[in-house]
Amino acid sequence: MRKFAAALAAAATLYSFAAGAQAYPERTITVVVPFSAGGPTDTVTRLVAEAMSKDLGQQIIVENVGGAGGTLGAGRVAQADPDGYSLLLHHIGMATSATLYRKLAYDTLNSFEYVGLVTEVPMTIVGRKDLEPTDLKGLVDYAKANKDTVTVANAGIGAASHLCGMLFMSAIGTPLVTVPYKGTGPAMTDLLGGQVDIMCDQSTNTTKQIQGGTIKAYAVTSAERLDVLPDVPTTTEAGLPEVQVGIWHGLYAPKGTPAEVTERLSKSLQVALKDPNVVARFAELGTKPSSEADATPAALKARLEGEIARWKPIIEAAGQYAD
Ligand code: MLT
């Protein structure tokens with residue numbers, strides 16, 4: 001009799017779980033952005049969250065948890081309940097932090113479930129409006145001549161801006177003074193105010209400023225020029241082919257989130273990435289949504305694994321680690 005009761009209880013639990021997963025989502029979902037509000041990761045997330053909310057019929061709120069190059073926010077979601085109501089939208093930093101940080105509050109490949117890739121954003125090497133150099137070669141010469149005073153803003157070790165800055169400094173063979181922020185939103189404020197000299201930041205945060213002439217643009221890190229910034233050369237054209245990087249973004253859930261939930265989220269992400277407003281806004285900011293095939297758990301898993309392996313030797317050669 002006891003065995004039957006136990007089996008019945010287990011079946012009831014399984015049913016309620018499955019029913020819960022089928023009814024998902026039943027309440028507000030939180031997506032953590034591991035950087036300050038107003039930066040590129042925040043911009044991408046809010047556009048996608050708005051479109052996913054429409055598809056899912058539930059409110060999605062964005063919570064900014066900045067610090068330590070995105071690893072604080074990632075750690076927050078790694079510890080969250082795996083019920084589908086806490087998500088993380090993070091970028092290439094998920095892969096680079098696995099090497100940069102010798103102690104992380106999570107296991108990059110075992111603390112998350114995958115939903116899908118979201119977008120891949122080019123970076124732009126930019127400077128404050130009154131910075132002397134007018135082209136990338138001039139900037140390199142200026143940086144070498146003033147290496148103890150030129151300041152490079154980034155969003156902390158593990159950020160995309162940190163990675164691109166590291167590639168730039170490695171390419172020119174000159175370490176520069178770095179100024180970390182909790183996101184390149186606040187870093188942009190200081191660049192506009194002239195408190196910091198240069199930054200390598202995502203086009204989703206710099207395109208409007210460059211078009212408005214409020215900051216200087218030296219190059220884009222993509223293989224081709226951007227339609228929205230046709231006069232800005234690629235780093236390869238401008239003589240720094242080593243500085244080529246695309247900032248891919250992925251949507252994650254805590255390990256243990258049911259597959260039915262991550263699959264439902266992946267389907268919603270695919271719908272959101274075709275939303276006309278998302279497509280148009282991404283295009284205005286120099287990027288485009290990931291394809292339907294890439295907005296899947298398998299594609300994100302493969303990208304993260306491949307990128308950890310790709311960046312490990314590059315980071316080790318640069319010798320930049322977080323203590
Ligand atoms: C980065 O540098 O990783 C991002 O631009 C930070 C941010 O989104 O604020």
Side-chain angles (χ1 to χ4, degrees), residues 31-49 62-77 87-101 104 108 117-127 151-169 176 178-192 196-210 215 217 220-222 243 245-252 281-282 285-287 303-304 307 311 315 318 320 322:
V31 182
V32 167
V33 167
F35 298 101
S36 310
T41 312
D42 187 62
T43 297
V44 162
T45 303
R46 289 179 192 275
L47 286 168
V48 171
V62 174
E63 184 183 358
N64 300 89
V65 181
T71 58
L72 285 186
R76 169 81 69 82
V77 176
L87 305 177
L88 168 71
L89 201 147
H90 196 1
H91 57 39
I92 194 170
M94 196 73 152
T96 57
S97 295
T99 301
L100 287 163
Y101 285 80
L104 278 175
T108 303
L117 285 160
V118 176
T119 183
E120 180 157 344
V121 183
M123 300 206 86
T124 53
I125 299 176
V126 293
T151 50
V152 185
N154 66 37
I157 294 180
S161 44
H162 162 263
L163 175 65
C164 185
M166 184 188 79
L167 294 175
F168 177 74
M169 289 184 267
L176 302 172
T178 56
V179 182
Y181 296 78
K182 287 196 171 181
T184 50
M188 178 60 80
T189 303
D190 277 4
L191 190 72
L192 289 165
V196 69
D197 295 321
I198 61 174
M199 178 160 72
C200 187
D201 194 16
Q202 297 178 64
S203 65
T204 36
N205 198 37
T206 59
T207 297
K208 294 302 176 198
Q209 306 296 355
I210 294 167
I215 58 174
V220 295
T221 66
S222 39
V243 188
V245 61
I247 309 305
W248 54 273
H249 294 60
L251 187 60
Y252 303 85
R281 290 287 294 127
F282 275 24
L285 298 173
T287 190
R303 189 64 180 271
L304 178 60
E307 289 280 279
W311 290 103
I315 290 167
Q320 282 194 20

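Both counts, for ligands and for their atoms, begin at 1 and track the order of listing.
- Heavy-atom proximity to T41, at under 4.0 Å, picks out these atoms of ligand 1: 4 (C), 7 (C), 8 (O).
- At least one N or O atom of S161, backbone or side chain, sits closer than 3.5 Å to an N or O atom of ligand 1.
- When only interatomic distances are considered, the shortest N/O to N/O separation between S36 and ligand 1 does not fall below 3.5 Å.
- The nearest protein atom to atom 1 (C) of ligand 1, hydrogens excluded, is given as A160 N, 3.4 Å; this is a heavy-atom distance.
- With sequence neighbours left out, the ring-ring contact (aromatic ring centres under 6.0 Å, His included) criterion links H249 to H91.
- Of all heavy-atom pairs spanning Q202 and V121, the tightest one is OE1-CB, 3.5 Å.
- Of the possible polar contacts, none joining the S36 side chain to the G66 backbone as a donor-acceptor pair under 3.5 Å is found.
- Shown here for P186 and A37, the closest heavy-atom pair between the two residues is CD-O, 4.4 Å.
- Ligand 1 places these atoms under 4.0 Å from at least one heavy atom of G183: 9 (O).
- The closest donor-acceptor contact from the side chain of S161 to the backbone of D201 lies at 3.5 Å or more, if one exists at all.
- Shortest contact from atom 9 (O) of ligand 1 to any protein heavy atom: T184 N, 2.8 Å.
- Listed by atom number, the atoms of ligand 1 under 4.0 Å from D201 heavy atoms are 5 (O).
- For atom 4 (C) of ligand 1, the closest non-hydrogen atom on the protein side is Q202 NE2, 3.5 Å.
- Residue G93 places every heavy atom at 4.0 Å or more from ligand 1.
- In this structure, S203 contributes its side chain and L285 its backbone to a donor-acceptor pair below 3.5 Å.
- Between G246 and I92 the shortest heavy-atom distance is O-CD1, 3.9 Å.
- For H91, a nitrogen or oxygen atom sits less than 3.5 Å from a nitrogen or oxygen atom of ligand 1, counting backbone and side chain alike.
- In this structure, the salt bridge (charged side-chain N to carboxylate O under 4.0 Å, His left out) partners of D197, at least two apart in sequence or on a different chain, are R128.
- Applying the 4.0 Å criterion to heavy atoms of A159 picks out, from ligand 1, the atoms 1 (C), 2 (O), 3 (O).
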